[in-house]
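Everything numeric here is computed off the predicted structure, so don't read it as measured data. Below, all heavy atoms of this structure are taken into account, side chains as well, without hydrogens, waters or symmetry copies. Note that the numbering runs from 1 along the sequence shown for the chain.
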Amino acid sequence: MAATNEELVAQLEALGVEYVFGYPGGRVIELLDELPESDVDVVRPRDEREGSVMAEMYGRLTQTPGVLTGQGPWIGSLGTIGQMEARLSSSPMVVLTEASERGDYSTLAPYQQSRGDYGGLDLPKILDGVTKEHWFPRSPTETLRSVQLAFKHATAGRPGPTAVILDGDAVTEEVPEDPIPPVWNADEQVRNWDAAPTDEDVEQAAEALTEAERPVIIAGNGVHAAQAYDELQAVADAYDAVVVTSYLGKSTIPETHDLAGGVIGSFGHEGANQVVSEADALLVAGCRMNPMDTNWQAPSFVRPDEQTIIHADVDTRNAGWVYPADVGLIGDAKESLRALEAAGEGSNDWARDRAESARESFSGPECESDASPIKPQRAVKEIEAVADEGTIVTADSGNNRFWLLNYLQTPGVRTYFGSGGVGGMGWATPAAVSAAIATDRDVIGVAGDGGFTMTMTSVEIAIEQGVAPTFVVLNDTSLGMVRQMQEQDGDIAGVEFHDTDFVAIAEGFGAEGIRATTPDELGVALAEGKDNDVPTVIDARIDREEDMAEQLQSSFYAEVGGLHE
């Protein structure tokens, strides 16, 4: 017989888990105690927030669950950042935490602990608010079954985070030889099946796309989740349709493709938004159509009374949720797109020319500016110059992500990832470290000085893990997006930052630090970062007077009031 923690690690190995992102504490120490002798590597972040983002990014990038572990109170506080992003960005993730108790306590008891008793912390309720499912097993058998189900549910249907709260001495009790009910083989218990749309719905959707004169595909994060990149391009070619994406769908198609039209949304490409408005048939593939995507449902943007809407989603609730759909294709995005490609074809004289004109939104006069401080538009073009089809770019929240969204024209699929679910600052840096650990590709993490400062200790974890991403800090010494909401200086408190020496900080971590104040200096620094065998932090001084919202706000978003203070 084996102890529960030993068998739990054996289950992780059987499920092919490569990494556990975890911070030691509480009863998960018993889990971490068994990992050094296993095939599972531990990435210990500097805190649970960084670990949660690393696990979320690993899941989003690989579409296998990223595993986060740590002590319950901190997983339920700091560690909720990555879990919330995983929930809203559909990233498979499994959280293994604990109730910070020892002994055989009942689930509802007069003890002050992490179960929600009087005077206690209600950890299950916290996790219930951010995960798809969570379990609180009380015995070795329940623990093993719960962990298996956590992996199953993390990837079933729309992916997302799940959690298991390891309880008391059940973490170390011996597993019975013949438990009733039994513990099944991990591969058998965790297996999932892809759903596919009905033939009737596919036929109806294909007919609408075939007859359309101006067909447009809105590709969302569901295409990333299904890794249905080839299928998306095949459908676009089959029906001669322009492909635009949501923010989370960016890089589901190479943005250099002759049918690619850019990114829709409140701060997306004006060209892409206009394309959607001009369409007579819309195929929405794996996109929930959230408020940012839909320009807060501006009346002239998407018009169900005038446009045929086909909504393909893995969750039937999403199809037709925001806008009434004429046809729902319910299933995995790869299956729905594959079926559509086989069902018909269309042609028009509109799509390629219209997509080409829409792509003009990827550039602007400032992209050519040699000014110092660096125009943020030009800074993005310097990043674009070193980003090939295999380079992964992670984007933080705030102005920086909208500059990237608009001016970084991705040359390959699965190359751009942003914190567009919950949209938390501090995401890009640990996400870049995670991407570098999970792949052998070049990685560039981009953040403002505010977001970078939140999680810059992740640079040290890159050193520790032997990976060398490049971190670009678009530095305007302020909380730029909020600062630019002011009618005049000083209107909003807390928007100015101390001018931090990020070069010195990087060198203190053991990384290389470079300050760039001109576009040429930034280009040289990016090339150097790509060749370095240690992480590189580039402090890029940008022009703080370039107003993101004023320049990039969609005309459809302005139609409904635009960005309010």
Side-chain angles (χ1 to χ4, degrees), residues 3-12 14-15 17 20-22 26-28 30-32 48 52 55-56 59 64-76 79-80 82-84 86-87 91-102 104-109 113-117 120-173 175-176 179-192:
T4 305
N5 54 342
E6 296 172 346
E7 183 57 32
L8 179 51
V9 171
Q11 295 275 331
L12 297 180
L15 292 167
V17 173
V20 167
F21 300 89
R27 302 311 302 268
V28 299
E30 278 89 352
L31 171 62
L32 293 167
E48 291 80 1
S52 70
E56 186 269 322
T64 59
V67 180
L68 170 69
T69 192
Q71 191 169 1
W74 322 125
I75 292 296
T80 59
Q83 293 175 72
M84 285 190 288
R87 182 68 181 269
S91 303
M93 183 178 183
V94 170
V95 179
L96 302 177
T97 187
E98 49 80 74
S100 294
E101 286 297 327
R102 296 180 180 273
D104 189 18
Y105 296 110
S106 62
T107 303
L108 295 173
Q113 50 202 5
S114 295
R115 309 168 192 271
D117 308 318
L121 170 69
D122 199 340
L123 181 62
K125 185 175 289 186
I126 293 172
L127 295 179
D128 184 58
V130 294
T131 60
K132 287 177 65 178
E133 300 285 348
H134 75 281
W135 292 264
F136 202 156
R138 301 294 327 288
S139 70
T141 301
E142 289 180 348
T143 298
L144 300 179
R145 288 290 304 275
S146 296
V147 170
Q148 290 179 346
L149 290 174
F151 277 85
K152 177 179 176 65
H153 283 260
T155 58
R158 179 185 166 198
T162 59
V164 178
I165 303 171
L166 304 172
D167 183 52
D169 290 339
V171 184
T172 49
E173 286 179 1
V175 179
I180 298 176
V183 176
W184 306 109
N185 177 279
D187 290 336
E188 295 173 353
Q189 182 74 77
V190 174
R191 185 180 179 188
N192 284 314

For Val94 against Pro65, the heavy-atom pair lying closest together:
CG2-CB, 3.9 Å

Sequence neighbours excluded, which residues qualify as side-chain hydrogen bond (donor to acceptor under 3.5 Å, both in side chains) partners of Glu142?
none

CG of Asp167 to OG1 of Thr143: how many Å apart, nearest 0.5 Å?
7.5 Å

Do Thr64 and Thr155 come close enough that some side-chain heavy atom pair is under 4.5 Å?
no

After noting the C-alpha distance and the side-chain angles of Leu121 and Ile126, does the key distance pass the side chain to side chain contact (heavy atoms under 4.5 Å, CB included) rule?
CA-CA 9 Å; Leu121 170 69; Ile126 293 172; 3.8 Å; yes

Kindly say whether Pro182 contributes a backbone atom to a donor-acceptor pair with the side chain of Arg145 at under 3.5 angstrom?
yes

Do Val164 and Pro137 come within less than 4.5 Å of each other through their side chains, counting heavy atoms only?
yes

Do Glu56 and Pro92 have side chains that get closer than 4.5 Å, going by heavy atoms?
no

Measure the spacing between CD1 of Ile75 and CD of Glu98 and express it to the nearest 0.5 Å.
9.0 Å

Output yes when a side-chain donor or acceptor of Thr4 lies under 3.5 Å from a complementary backbone atom of Pro140, and no otherwise.
no

For side chain to side chain contact (heavy atoms under 4.5 Å, CB included), just list the numbers for Val17 and Gln11, CA-CA rounded to whole Å, side-chain angles, deciding distance to a tenth of an Å, and then say yes or no.
CA-CA 9 Å; Val17 173; Gln11 295 275 331; over 6 Å; no

Indicate the atoms forming the closest heavy-atom contact of His153 with Glu133, along with that distance.
ND1-CG, 3.7 Å

Closest approach of Val28 to Gln71 (non-hydrogen atoms, all atoms of both residues):
CG2-N, 4.1 Å

Are the side chains of Val147 and Leu96 in contact, using a 4.5 Å heavy-atom criterion?
yes

Sidechain-backbone polar pair: Asn192 side chain, Lys152 backbone, donor-acceptor under 3.5 Å
yes

What I'd like to find out is whether the side chain of Leu8 reaches to under 4.5 Å of the side chain of Val171, using heavy atoms alone.
no

Please answer whether the main-chain N or O of Thr131 pairs with a side-chain N or O of Arg87 as donor and acceptor at a distance below 3.5 Å.
yes

Considering all heavy atoms of both residues, which atom of Ala150 and which atom of Trp135 are nearest to each other, and what is their separation?
CA-CZ3, 3.5 Å

Could I get the full list of side-chain hydrogen bond (donor to acceptor under 3.5 Å, both in side chains) partners for Gln83, not counting sequence neighbours?
none

Would you indicate whether the side-chain heavy atoms of Phe151 and Leu12 approach each other to under 4.5 Å?
yes

Can you give me the closest heavy-atom contact between Val130 and Pro161, atom names plus distance?
O-CG, 3.5 Å

With rounding to the nearest 0.5 Å, note down the distance linking CG in Asp128 to CZ in Phe136.
13.0 Å

Taking C-beta and beyond as the side chain, do Ile165 and Thr97 meet within less than 4.5 Å on heavy atoms?
yes

Atom of Asn185, atom of Gln148 and distance for their closest heavy-atom approach
C-NE2, 4.0 Å

Ring pair (Phe, Tyr, Trp, His ring centres under 6.0 Å) partners of His134, counting only residues at least two apart
none

Mind checking whether Ser52 and Met93 have side chains closer than 4.5 Å, heavy atoms only?
yes

Are more than 12 heavy atoms from other residues, nucleotides or ligands located less than 6.0 Å from atom CH2 of Trp74?
no

